[in-house]
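In what follows, a single structure is set out as structure tokens and then discussed.
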Amino acid sequence: MSTSTLGVKENRTPPFPASSTVEVDQRNDKGWTALMFAARNGNVDVINTLLEKGCDVNLVNKTGQTAQDIAFFWDQGNASKVLNDFVNKQNPDKQLRNYFSLNYLDRCSEQRKKEDWLQSKIREECTRFIAFSELKPFVVPLEDRTKRWRYTLAKLKFCDVENYLKSNPPVVFLGVQRNSGPESLDHTMFAVDCTEGNIEDLKKCCPGGTFINPFPSALQLEPSEAGIFAEARSMLDWLYRYKYCGTCGSVTVIAEGGHKRVCEKKDCISNKGIHNTCYPRTDPSVIMLVVSPDGKKCLLGRKKSFPAKMWSCLAGFMEPGESIEDTVRREVEEESGVKVGKVEYHSSQPWPFPASLMLGCVATAVSEDVKVDEDEMEDAQWFRRPELVQMLTHQHPNGYYIPPEQAIAHQIIKSWVRMTANL
Ligand SMILES: NC(=O)C1=CN([C@@H]2O[C@H](COP(=O)(O)OP(=O)(O)OC[C@H]3O[C@@H](n4cnc5c(N)ncnc54)[C@H](O)[C@@H]3O)[C@@H](O)[C@H]2O)C=CC1
Ligand SMILES: [Mg+2]
Ligand SMILES: [Mg+2]
Ligand SMILES: [Mg+2]
Ligand SMILES: [Zn+2]
């Protein structure tokens with residue numbers, strides 16, 4: 001590739017005088033920064049200098065690639081390493097976590113069986129409670145409206161929820177927030193279901209506090225708390241839905257800090273050995289970007305329930321006895337008629353509506369003809385990379401777009417779009 005394709009002007013203006021300053025993140029007409037060019041050319045010295053001068057390593061060019069993506073794509077090993085190390089140091093979770101996956105609590109599962117320990121923790125001064133009403137989280141709006149995230153979970157004290165606890169509502173032990181430093185204390189965290197109480201009392205303890213709709217408002221929670229919300233909401237939802245024994249129909253009681261339901265009928269078979277009717281459910285689902293056999297297009301669909309103009313990856317629930325690969329092949333063929341060969345795992349995401357675990361994959365199609373399942377889908381179509389870039393950046397001529405960055409579908413699509421050089 002010639003330099004002009006990358007947007008470097010052939011006839012440069014005279015060099016800058018020694019005393020002048022240059023904006024370190026200056027871009028050309030294709031959105032390329034100096035760091036991106038250095039990454040393209042594997043120039044580690046220039047990369048290090050630019051990083052020292054405080055350039056923004058997270059910027060993307062007009063085709064959605066960061067300097068890191070560019071170095072990786074062009075096989076610039078040393079440049080990739082320098083950029084990866086830098087990004088990892090800046091934010092160790094940035095590359096690894098999907099929204100709803102970042103949960104900083106130590107779940108301390110061994111403590112759940114210790115009823116005395118749980119009871120003493122509930123009353124401790126530094127324990128915090130996250131409240132829900134009808135599975136809506138109690139949050140505090142963030143002051144700074146210019147920021148990307150709008151809410152933080154309200155963290156209540158024992159005295160704030162003491163009255164609610166008297167009526168014995170579902171309570172879930174979520175884990176312990178470990179704090180380092182000599183003075184700092186660990187915070188034990190619980191979720192409490194306040195549906196039956198007077199929620200106005202809570203609002204008095206926490207000025208500005210409000211209950212928000214889990215979907216889509218919870219997608220505006222700070223990402224560092226999204227995983228705690230996911231754990232708490234999926235658990236409370238399970239406790240709410242599974243009041244009766246799945247084996248004999250008797251009433252069950254909540255045990256082990258909310259992580260188990262035990263049948264009251266002593267001789268019920270669910271009280272002998274380990275039974276999956278007693279433990280919280282997780283529903284594995286696959287979500288996949290299907291790539292055409294020539295690697296140039298990918299298949300997106302519109303479920304009938306989607307908002308107008310939004311396209312996303314195909315997705316579907318796993319069935320018992322299926323491997324992830326088999327589910328991907330079956331769901332893609334059911335929904336679009338396209339046959340899939342190779343399936344590669346991308347990443348996963350808890351999806352707490354109510355308890356899915358999305359297993360993200362990239363699948364290679366072995367056929368292209370589309371025959372849409374009209375029961376589930378409104379449409380399915382192949383899209384080329386440039387069109388996906390327009391959808392990612394909300395610049396598509398028809399107004400088409402893909403789900404927001406909080407959805408794993410967005411991340412899988414973005415990572416595929418980035419794996420090319422010449423858009
Ligand atoms: N995080 C993301 O980016 C996205 C997540 N999703 C999620 O993926 C999941 C699966 O996708 P779908 O296309 O709806 O699946 P699907 O293609 O299997 O069709 C849904 C149908 O499957 C049946 N079904 C089988 N097992 C089920 C279970 N355990 N729970 C509920 N229904 C079950 C029901 O009849 C339901 O109507 C959903 O939870 C959806 O919310 C879907 C798209 C994007
Ligand atoms: Mg589906
Ligand atoms: Mg399906
Ligand atoms: Mg299905
Ligand atoms: Zn039973």
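Only a predicted model underlies this, so the values are computations on that prediction, with no experimental measurement involved. Counting starts at 1 for both ligands and their atoms, in listed order.
The Zn ion (ligand 5) has Cys245 SG, Cys248 SG, Cys263 SG, Cys268 SG as protein N, O or S atoms under 2.8 Å away.
Here CD of Glu334 is found 12.0 Å from NZ of Lys371. Values are rounded to the nearest 0.5 Å.
Between Val176 and Thr188, the closest side-chain pair of non-hydrogen atoms falls below 4.5 Å.
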Take Lys81 and Asp85 through the salt bridge (charged side-chain N to carboxylate O under 4.0 Å, His left out) test and state the conclusion after the steps. CA-CA 6 Å; Lys81 185 168 179 341; Asp85 287 351; 2.8 Å; yes
Using the rule given for salt bridge (charged side-chain N to carboxylate O under 4.0 Å, His left out), can you reason through Glu378 versus Lys304, listing the C-alpha separation, both sets of side-chain angles and the distance that settles it, and then say yes or no? CA-CA 5 Å; Glu378 184 188 288; Lys304 288 182 175 165; over 6 Å; no
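At least one N/O/S atom of Ala315, whether from backbone or side chain, sits less than 2.8 Å from the Mg ion (ligand 2). For a distance bound of 2.8 Å, the N, O or S atoms of Glu335 include one lying that close to the Mg ion (ligand 2).
Judged by distance alone, the side chains of Glu322 and Thr327 do bring a donor and an acceptor atom under 3.5 Å apart.
Within Glu376, the N, O or S atom at minimum distance from the Mg ion (ligand 2) carries the name OE2. In Glu331, the N, O or S atom that comes nearest to the Mg ion (ligand 3) is OE1.
Atom CD of Glu110 is surrounded by more than 12 heavy atoms from other residues, nucleotides or ligands within 6.0 Å.
Between Lys265 and Asp267, at least one side-chain N (NZ, or NE/NH1/NH2) sits under 4.0 Å from a carboxylate O, which counts as a salt bridge.
Taking the centre of each ring, Phe383 and Trp416 stay at or above the 6.0 Å mark.
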